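Following: one structure in structure tokens, then a few remarks.
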Protein chains: 2
Amino acid sequence: MNIVLIEDDAMLARTLDELLRAEGHSIEHLDHGDRAMTLLAPPRAGDAGHDADLVVLDLNLPGAGGLDVLAALRRHDTHTPVLILTARDGVEDRVRGLDLGADDYLAKPFALSELEARVRALLRRRGRSGPVTFGPLEFDSTTLSFRCHGEPLALPGREQRLLACLLHHAGRPVAKARLVQEAFGADNVGDNAVEVYIHRLRKRLPEPLVLRTVRGLGYVLDTRS
Amino acid sequence: MNIVLIEDDAMLARTLDELLRAEGHSIEHLDHGDRAMTLLAPPRAGDAGHDADLVVLDLNLPGAGGLDVLAALRRHDTHTPVLILTARDGVEDRVRGLDLGADDYLAKPFALSELEARVRALLRRRGRSGPVTFGPLEFDSTTLSFRCHGEPLALPGREQRLLACLLHHAGRPVAKARLVQEAFGADNVGDNAVEVYIHRLRKRLPEPLVLRTVRGLGYVLDTRS
DNA sequence: ATTCTACCTTACAGAACTGTAAGGTTAAAC
DNA sequence: GTTTAACCTTACAGTTCTGTAAGGTAGAAT
């Protein structure tokens with residue numbers, strides 16, 4: 001994963017760099033607020049742009065302040081997780097940072113192992129952000145397609161949305177009416193259509209996934225046995 | 001949003017309940033580990049199941065321990081964010097909790113405003129989890145469809161995946177070859193196909209979204225002006 | 001056991017999508 | 001200004017998807 005580290009304390013930066021590299025990430029280190037601004041929120045889109053999966057951001061920076069960088073980043077990118085890392089320990093600072101769009105806030109001094117764990121937590125969620133996984137089934141948010149046991153599972157639009165709906169509530173039944181509304185867009189679709197698409201989806205779903213019917217209610221995505 | 005609160009300290013639970021309700025959430029409160037287990041990780045799928053957007057979990061519980069509940073939940077649900085809330089303040093405890101799949105960890109005693117902020121941060125991310133938003137464009141992960149200015153934007157499969165790909169790297173150019181691979185699944189697709197689908201997508205993309213071409217490279221999703 | 005209802009399965013026609021080919025247009029290089 | 005390569009646009013045929021209708025099957029209730 002790509003991590004952008006924005007930290008002006010050279011000593012700490014070096015430590016974090018080594019630490020995170022040791023976990024297999026590639027680190028881009030910046031020590032100046034203005035440069036961070038340029039990288040994370042380029043004035044003209046298309047100029048360069050970042051490729052970060054996570055931003056670790058110190059608030060005390062030369063040049064543009066850390067909170068300004070965060071705000072600028074969040075103007076167009078609500079996606080990349082941001083972990084704030086700072087010496088300011090007041091509760092109000094934390095609240096402000098979090099409400100500006102940060103995902104976590106760690107006050108110095110902190111244990112390195114805790115930073116590692118929080119980074120793992122953020123990257124973990126990023127890795128399978130989106131509609132999630134259920135058993136061997138996963139949804140790849142980049143290609144908007146499903147995979148089962150790692151094998152791509154190509155599905156036509158309707159079936160894909162149907163499966164997404166069931167996956168979203170995986171393990172518990174979803175009413176037929178709800179499926180019509182969420183997967184079919186509440187068009188003038190007959191009630192039978194759901195049955196037909198469930199049938200089609202069943203033929204394509206690989207083991208051990210099954211679609212159990214809950215009579216009178218709807219369907220559940222589940223695993224066999 | 002639906003929040004499941006698992007906390008056996010009646011005093012604290014009451015406070016949190018009021019606090020979170022005041023922010024407009026509906027709270028389901030449990031004070032026993034076994035019941036939490038039943039709700040969050042039902043032994044048989046389809047029994048009942050939770051409908052939570054966030055779980056706030058105390059570790060010290062009568063009955064099943066909080067970490068057991070977390071582990072059981074994560075066996076099938078990697079999706080719902082979990083905020084751990086506990087008196088155990090050791091760094092090792094935090095690391096263990098986070099590595100078991102928690103998304104955040106707050107040690108007692110804590111400021112209520114910080115809890116609120118962290119809850120907001122988790123729900124915010126959950127609200128638009130997945131492939132993100134860019135300007136007025138957003139992706140609804142439940143229905144696997146795009147919206148622009150809130151209006152649904154129906155797209156055929158190929159165009160949808162193409163847009164997802166561009167959105168995923170929004171603001172910076174994506175190479176044509178990459179689009180072929182990620183959106184078209186590396187089939188035996190001619191190079192011209194991308195141009196055709198870009199063209200089709202352009203006709204459907206509402207203002208102010210544009211697809212700029214970067215000659216010799218690929219395309220960028222951007223906003224007009 | 002019978003009846004009823006909910007669900008399954010199949011088939012089909014209309015519609016929409018997909019990818020290629022062919023020619024037009026624009027931008028960069030010389 | 002000419003040339004060249006990259007990109008745009010249109011058209012088209014093959015394929016796939018969509019939703020409905022019609023009949024079959026299975027579960028529940030009496």
Side-chain angles (χ1 to χ4, degrees), chain A residues 44 46 143-146 152-166 172-205 209-222 224, chain B residues 44 46 143-146 152-166 172-205 209-222 224:
Chain A
R44 285 183 217 158
T143 65
L144 290 192
S145 57
F146 288 95
L153 178 62
L155 294 176
R158 281 289 197 264
E159 293 175 39
Q160 189 164 344
R161 268 180 264 172
L162 195 61
L163 181 55
C165 226
L166 290 161
R172 57 182 185 280
V174 185
K176 224 185 265 186
R178 187 164 194 178
L179 291 174
V180 169
Q181 193 182 0
E182 294 194 354
F184 290 44
D187 287 329
N188 318 327
V189 181
D191 204 42
N192 181 23
V194 175
E195 298 171 10
V196 173
Y197 278 100
I198 287 284
H199 178 235
R200 287 173 181 158
L201 196 48
R202 272 176 175 149
K203 286 199 288 192
R204 299 207 215 220
L205 266 191
L209 297 171
V210 288
L211 261 38
R212 291 192 206 291
T213 131
V214 182
R215 211 178 167 79
L217 250 179
Y219 302 87
V220 200
L221 174 63
D222 197 4
R224 181 177 303 285
Chain B
R44 283 184 217 159
T143 65
L144 290 192
S145 57
F146 288 96
L153 178 62
L155 293 177
R158 281 287 197 266
E159 293 176 39
Q160 189 163 346
R161 268 179 264 173
L162 194 61
L163 181 55
C165 226
L166 290 161
R172 57 182 184 283
V174 185
K176 223 185 266 186
R178 188 165 193 177
L179 291 173
V180 169
Q181 194 183 359
E182 293 193 355
F184 291 49
D187 287 331
N188 319 326
V189 180
D191 205 42
N192 181 25
V194 175
E195 298 172 10
V196 174
Y197 278 100
I198 287 283
H199 178 237
R200 287 171 179 160
L201 197 47
R202 273 178 176 148
K203 287 198 290 192
R204 299 207 215 218
L205 265 192
L209 297 172
V210 288
L211 263 34
R212 289 193 207 292
T213 132
V214 182
R215 212 179 168 78
L217 251 179
Y219 302 86
V220 200
L221 174 63
D222 198 4
R224 182 176 302 286

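All figures in this text were calculated on a predicted structure; none of them were measured in a lab. Reminder, nothing fancy here: chain letters follow the sequence lines and each chain counts from 1.
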Problem - Interatomic distance, A:D191 CG vs C:dT5 P [rounded to whole Å] - result: 15 Å
Practice task
Considering just the side-chain nitrogens and oxygens of B:Y219, establish if one lies under 4.0 Å of OP1 or OP2 belonging to D:dC8.
Solution key: yes
Completion exercise
note: B:E159, atom CD; C:dT18, atom P; distance rounded to Å ~ 7 Å
Practice task
Have a look at A:R202 and say if it touches a base, only the backbone sugar-phosphate, or nothing, with a 4.0 Å heavy-atom cut-off.
Solution key: sugar-phosphate
Handout entry: Spacing of A:I198 atom CD1 relative to D:dG19 atom P, expressed in whole Å
Key = 14 Å
Exercise for the section: Take the protein atom CG of B:L217 and the nucleotide atom P of C:dA27, then report the distance between them rounded to whole Å. Expected result: 17 Å
Fill in the blank from the handout: When B:A193 and B:R204 are each assigned the nearest nucleotide of DNA chain C, the 5'-most assignment goes to B:R204
Fill in the blank from the handout: To the nearest angstrom, the OH-C1' distance between B:Y197 and C:dC17 comes to 6 Å
Handout entry: Residue whose closest nucleotide on DNA chain D lies nearer the 5' end, A:V196 versus A:R215
Key = A:V196
Exercise for the section: Would you indicate what A:K176 reaches in the nucleic acid, counting non-hydrogen atoms under 4.0 angstrom: base, sugar-phosphate, or nothing? Expected result: sugar-phosphate
Exercise for the section: Round to the nearest Å and state the distance from B:Q160 atom CD to D:dC17 atom C1'. Expected result: 15 Å
Practice task
Can you spot which of B:T213, B:L166, B:L221, B:V220 makes a side chain to side chain contact (heavy atoms under 4.5 Å, CB included) with B:P173?
Solution key: B:V220
Fill in the blank from the handout: B:R200 has its side chain closest, among D:dC17, D:dA11, D:dA22, to D:dA11
Exercise for the section: Would you indicate whether the side-chain heavy atoms of A:P156 and A:R204 approach each other to under 4.5 Å? Expected result: yes
Exercise for the section: Give the nucleotide from the list C:dG19, D:dT9, C:dT18 with an atom nearest to the side chain of B:V189. Expected result: C:dG19
Handout entry: Pair B:E195 + B:K176: basic N to acidic O under 4.0 Å
Key = yes
Practice task
Can you tell me the distance, in whole Å, between the CD atom of A:E195 and the P atom of D:dG24?
Solution key: 17 Å
Completion exercise
A:N192 CG to C:dT9 P, in whole Å, measures 12 Å
Handout entry: Close side-chain approach of A:L179 to A:Y197, heavy-atom, < 4.5 Å
Key = no
Exercise for the section: Ignoring backbone atoms, test whether A:R158 places a side-chain nitrogen or oxygen under 4.0 Å from the OP1 or OP2 oxygen of D:dG19. Expected result: yes
Handout entry: Phosphate contact (D:dC8 OP1 or OP2) by B:H199 side-chain N/O below 4.0 Å
Key = no
Handout entry: Within 45° cone of A:Y219 ring axis and under 6.0 Å: A:R212 NZ or CZ
Key = no
